[in-house]
Structures are given as C-alpha cells and as structure tokens.
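Atoms considered below: every heavy atom in the structure, side chains included; atoms not considered: hydrogens, waters and symmetry mates. Protein chains get the first letters and strands the later ones, always in sequence-line order, with residue 1 at the start of each.
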2 protein chains.
Amino acid sequence: MTIRRIGEFTDAPVRRGRPPLDRERLVGAALEVLDEVGLDGLTMRCLADRLGVKAASLYWHVGNKEELLGLVADEIGAGVREPDLSLAWRERLEALAWENRRVLLSHRDAVRILAGATPTGSNRLRLAEITLRALLEAGLAHQEAAHASLLLTDYATGFVSEEVMLANAARKRGMRLEEALAEVRGQFESLPVEEYPSMVMLAGQLTNADADERFRFGLEVLLDGLEKRLIEGG
Amino acid sequence: MTIRRIGEFTDAPVRRGRPPLDRERLVGAALEVLDEVGLDGLTMRCLADRLGVKAASLYWHVGNKEELLGLVADEIGAGVREPDLSLAWRERLEALAWENRRVLLSHRDAVRILAGATPTGSNRLRLAEITLRALLEAGLAHQEAAHASLLLTDYATGFVSEEVMLANAARKRGMRLEEALAEVRGQFESLPVEEYPSMVMLAGQLTNADADERFRFGLEVLLDGLEKRLIEGG
DNA sequence: ACCTGAACACCGTTCAAGT
DNA sequence: ACCTGAACACCGTTCAAGT
C-alpha cells in the first residue's frame with residue numbers, strides 16, 4: 001500500500017504545501033520580477049520560475065502575456081490615491097498629476113506598461129471621472145474639459161517616460177544618473193558655439209537633475225493655460 | 001576552364017548585379033518593413049529577407065538591432081522641416097510642434113522608435129537648438145527655457161503616442177478607427193451614471209475623432225501658459 | 001482543477017568559413 | 001570586403017498527458 005499526501009488525487013490538492021496559483025499571486029510575482037529585471041527581463045519562463053512552476057502553467061490562469069501585463073497595469077494604476085474633494089479644482093488636478101507621476105515611478109518600467117495598455121481597468125475610469133469633474137467644476141466647456149483631461153494624463157505619462165529614459169540608459173551602462181547627466185552636459189558644452197549657441201549656453205539647465213522642479217514647472221504652465229481659457233470663456 | 005562573372009573573387013564583387021549593402025539601404029529597407037508590419041514585426045531576419053541577404057550579414061553593417069533602430073530614429077527625425085526664422089517665436093514653436101507630430105505619424109510606430117532612442121543624432125540637437133532659441137527670444141529665463149523645450153517636445157511625443165494607441169488596437173482587431181471610437185463611446189455611455197456622471201456626459205467629446213483639433217488645443221494651452229510666465233517675468 | 005513535458009515556430013547574435 | 005551556414009541561447013504559446 002502506497003502512502004498518499006493529504007489532498008493528492010483530489011480536486012483541490014495542496015502541492016508541496018503551497019496553495020494553487022491565482023491571478024493575484026501571479027500579478028504580485030510579476031511586479032517583483034519587474035522591479036528586479038525590468039520589462040524586457042519579465043518573461044513567462046522567468047515568472048514561472050519565481051513561482052516554482054513551469055511556464056506552461058501560467059496559461060491556465062491567464063490567456064496570454066498581454067493579458068497579464070494588462071492586469072499588472074491595473075494593479076499599478078490602483079495605487080493612485082484620490083485627492084481630497086474639499087480641495088479647489090486646481091489643487092485637486094495638481095494632486096492627481098503628482099500622484100500619477102509617483103505611481104508611474106513606483107515600479108521599474110511602469111510607464112512602458114501603463115502607456116502600452118489600453119486603459120480598460122476600472123481604476124483608470126475612476127481617475128478619468130474625477131479629473132473630468134474637476135475640469136467641469138472649474139468651468140471649462142465640455143469639449144475643452146475632455147481634451148484637457150487627456151492633456152493632463154498625457155503630461156504625467158510623457159514626463160515620466162522621458163524622466164526614466166536617461167536613468168535606464170545610465171543603468172545599462174553601469175552608471176549613476178548623475179554621472180550620465182554630467183556626461184550629457186559635457187557633450188552639450190563642447191558643441192560648436194556658432195551652430196549651437198543656445199545648447200552651449202543652457203547646457204547646465206538642460207541637464208538639471210531636479211526632476212521634481214521640472215515637473216512642477218510643466219504642470220503650472222498647463223494649469224495656467226487652462227485657467228486662461230476659463231476667464232476668457234466665462 | 002570555368003567561367004567567372006565580373007567581380008567574382010575580387011575585393012569589390014557585384015553580387016547578382018546588386019551593389020553591396022550599406023547603412024543607407026539598410027535603413028531604407030527597415031522603414032519599408034516598419035510601415036508594412038510595424039515595430040514588432042521588424043525582425044533582423046525579415047529585414048534581411050527583404051534585402052535578399054541572410055540575417056547574419058546585417059551584422060557586418062551594424063553592430064546590433066538597437067544601433068539600427070537608432071539610425072532609423074535619426075532618419076525619421078531628419079524629416080522635421082525647420083520653421084521660417086522670420087516667424088514670431090510663438091508661431092515658430094507652433095510650426096515645430098506640428099512638424100514633430102507630422103513626422104511622428106509619417107511612419108508606423110515611429111513614436112515608439114523615437115521615444116525609445118536616446119536623442120543622440122545631430123538632427124535632434126538642431127531641433128533642440130532652434131526650440132531653445134525661440135524660447136530665449138520670447139524672453140524666458142534660462143532655466144524656464146530649458147524646461148519648456150523639453151515640455152514642448154514631450155507634448156508632441158506624448159500626444160502622438162496616445163493618438164496612435166487606439167488606432168493600433170483597432171487595427172489588431174481588424175477594425176477601423178471610427179468603429180473603435182464608436183465602441184469606446186458606447187462603453188462610456190453605458191457606465192453607471194451615479195458613479196461616472198462626467199464620463200457619461202462627455203462620452204461624445206472624449207471619443208471625438210478630430211485629433212488635429214485636440215492637438216491644437218493642447219498646444220495653445222501650453223503656449224498660453226508659457227506666455228503668462230513671460231509677461232509676469234519681464 | 002491545476003500542472004508538466006515536449007514540442008512548435010520563432011527571436012537576436014556569434015563565428016568560422018566561404019568567395 | 002562582404003556574405004553564408006550553422007549553431008547558441010533564448011522567446012511566447014499549445015496541447016496531450018499526468019495527478
């Protein structure tokens with residue numbers, strides 16, 4: 001007579017003490033792998049390894065890799081905290097933009113995943129809704145509010161995608177961000193002055209490491225531009 | 001005695017009447033493949049096929065795929081026409097933004113390639129220079145001009161990347177863009193009204209197909225915001 | 001119900017060898 | 001100088017089979 005472990009040959013076997021996979025654990029593991037090796041390193045095989053399972057098993061829980069990345073995008077997007085509704089519309093939009101950026105920076109290559117996925121999840125619908133509400137409350141026309149909500153979302157996405165690019169390039173070459181910035185500054189400074197007078201002159205400002213300050217600048221420009229339409233329109 | 005074709009066994013053989021490859025023809029073919037099958041379909045093997053050559057041959061002309069994509073990025077970027085210097089700073093920046101968008105739409109997945117490559121090519125330096133010049137001419141402070149130039153470039157990139165996403169998703173499902181937009185509109189309209197009042201109300205405006213108009217809106221908002229800093233600062 | 005083995009049809013890249 | 005054959009070390013995905 002052979003000895004059987006509990007659960008063996010039943011409908012809900014406990015394999016080596018581990019519960020069966022589910023989408024939640026899958027997404028969690030994907031986030032871990034992502035932070036360690038980046039999007040290009042996040043392969044189904046590698047993800048399976050981390051979960052102590054074979055790659056083919058993942059396809060029981062998820063249709064394909066794209067669907068998995070969609071779930072990851074939703075999970076990351078869920079991290080955006082809604083701004084306090086007692087805030088005035090402008091502060092509310094500012095808070096939203098900062099939250100967007102924070103979340104896009106919260107996991108390696110999060111921008112690439114969020115920007116690559118069509119926004120279907122309910123989190124993103126909710127964020128669109130509160131953005132629109134603030135814009136309508138401010139007094140923008142319907143079409144302008146619609147445009148502006150996309151504009152604000154795209155701003156955060158575009159900013160972070162740019163912000164992260166040099167950092168990634170630096171990492172790939174084993175440099176720190178500051179070193180990479182200094183290198184670029186040197187390149188700008190040594191450009192031919194007659195041909196590139198402004199680049200040479202602004203070499204320092206163009207390679208300013210203070211991304212927060214730059215994000216604030218762009219956000220203010222955007223909101224100032226929107227506010228102008230308000231006054232003229234109303 | 002064996003018959004030899006002209007050039008055989010010499011240092012510059014003409015193979016089957018075709019000149020040997022060079023980087024220029026490589027980049028040209030890459031652009032063709034890109035437009036037909038998109039970035040994901042642009043493989044070294046497929047590109048080699050198109051050139052009547054084996055994949056390994058490409059590595060004689062180019063270090064690796066990333067370098068090739070860098071060359072493609074440069075080639076695409078070279079299509080941006082410089083604005084007439086007789087224009088006022090604001091019109092010059094507007095022209096630049098529209099040119100940026102036009103070029104980013106001129107080849108399939110051009111945004112992904114341009115946004116993914118660190119801007120090293122001389123074209124992009126030149127564009128940065130004339131953008132900065134316009135901003136300084138307008139009267140922006142050095143740091144603000146530097147920030148604003150990135151802001152404007154990122155705007156075009158971010159806009160097109162968003163603009164192209166739904167179109168790509170539609171293509172993958174064999175739909176036309178208008179159909180996809182109508183579908184999304186339907187989804188927004190049938191959202192629960194108590195939870196998503198603004199989304200329901202603005203379903204039509206959010207799925208407006210007029211991307212030109214939306215681009216113009218965002219650009220005006222940006223430039224208005226910049227102009228405000230001018231008046232206050234000067 | 002959940003997982004595995006083994007395969008399929010791909011990738012980018014290298015390198016000794018051909019002409 | 002330029003190209004090829006053949007291989008290496010990977011991919012995502014499928015599917016019959018196991019438990």
Side-chain angles (χ1 to χ4, degrees), chain A residues 2-26 29-30 33-34 37-72 109 113 116-117 172, chain B residues 2-26 29-30 33-34 37-72 109 113 116-117 172:
Chain A
T2 60
I3 299 176
R4 290 185 174 185
R5 278 195 292 274
I6 299 170
E8 212 170 11
F9 296 136
T10 76
D11 267 11
V14 178
R15 297 178 191 261
R16 297 192 197 97
R18 294 184 127 204
L21 243 44
D22 54 21
R23 287 160 97 98
E24 198 184 343
R25 283 188 50 224
L26 232 164
V33 175
L34 192 65
V37 295
L39 181 54
D40 296 330
L42 174 57
T43 68
M44 298 302 265
R45 284 168 154 90
C46 164
L47 178 57
D49 272 358
R50 145 105 28 171
L51 289 160
V53 114
K54 299 297 174 186
S57 311
L58 304 180
Y59 291 87
W60 177 265
H61 302 278
V62 93
N64 50 36
K65 191 178 183 178
E66 196 185 339
E67 186 184 331
L68 173 66
L69 290 181
L71 294 173
V72 171
D109 287 336
I113 294 181
K172 216 179 301 181
Chain B
T2 59
I3 298 175
R4 291 186 173 186
R5 278 195 292 273
I6 298 169
E8 212 170 11
F9 296 135
T10 74
D11 267 11
V14 177
R15 298 180 189 260
R16 297 192 197 97
R18 292 185 128 203
L21 242 43
D22 55 20
R23 287 159 97 98
E24 198 183 344
R25 282 189 49 227
L26 232 164
V33 175
L34 192 66
V37 295
L39 181 55
D40 296 330
L42 174 57
T43 69
M44 298 302 265
R45 285 168 153 90
C46 163
L47 178 57
D49 272 357
R50 147 105 27 170
L51 289 160
V53 114
K54 299 298 174 186
S57 311
L58 303 179
Y59 291 86
W60 177 265
H61 301 278
V62 94
N64 49 37
K65 191 179 182 178
E66 197 185 340
E67 187 184 330
L68 173 66
L69 289 181
L71 295 173
V72 170
D109 287 336
I113 294 181
K172 214 179 302 180

note: A:Leu47, atom CG; D:dT13, atom P; distance rounded to Å ~ 12 Å

Regarding the side chain of B:Val53, the nearest nucleotide among D:dC3, C:dC3, C:dC11 is D:dC3

Testing C:dC3, C:dT13, C:dA6 for proximity to the side chain of A:Ala56, the answer is C:dA6

| message | C:dC3, OP1 or OP2 - any side-chain N/O from A:Trp60 closer than 4.0 Å? | response | no

For C:dT14, the nucleotide meeting Watson-Crick or G-U wobble distances (both under 3.5 Å) is D:dA6

Given side chains that start at C-beta, do those of A:Asp40 and A:Asp109 come closer than 4.5 Å, heavy atoms only?
no

The reported gap from NE2 in B:His61 to CG in B:Leu26 (rounded to nearest 0.5 angstrom) is 6.5 Å

Rounded to whole Å, the CE-P distance (A:Met44 to C:dC11) equals 19 Å

Separation of D:dA6 atom P from B:Lys54 atom NZ, nearest Å, is 10 Å

Picking from C:dC2, D:dC2, C:dT13, the nucleotide nearest the side-chain atoms of B:Pro20 would be D:dC2

Taken to the nearest whole Å, CG/A:Asp49 to C1'/D:dC10 is 13 Å

message: Rounding to an integer number of angstrom, what distance separates C:dC3 and D:dC15 when you compare their C1' atoms?
response: 13 Å

Of A:Leu58 and A:Arg45, the one whose nearest nucleotide on DNA chain C sits closer to the 5' end is A:Leu58

Mate of D:dA1 across any strand shown (Watson-Crick or G-U wobble, both atom pairs under 3.5 Å) is C:dT19

Taken to the nearest whole Å, OH/A:Tyr59 to C1'/C:dA6 is 15 Å

Nearest heavy-atom contact between B:Gly41 and B:Val33 is O-CG1, 4.5 Å

Taken to the nearest whole Å, CG/B:Leu69 to C1'/C:dT13 is 15 Å

Atom NZ of A:Lys65 and atom P of C:dC11 are separated, to the nearest Å, by 15 Å

Rounded to whole Å, the CG-C1' distance (A:Leu51 to C:dT4) equals 15 Å

Should A:His61 be listed as having a side-chain N or O under 4.0 Å from OP1 or OP2 of C:dC3?
yes

Contacts of A:Thr43 and A:Ser57 projected onto DNA chain D by closest heavy atom; the upstream (5') one is A:Thr43

Candidate pair B:Leu68 and B:Leu58, rule side-chain contact (heavy atoms from CB on, under 4.5 Å), full reasoning = CA-CA 10 Å; B:Leu68 173 66; B:Leu58 303 179; 5.9 Å; no

A:Ile113 and A:Leu34, any side-chain heavy atoms less than 4.5 Å apart: yes

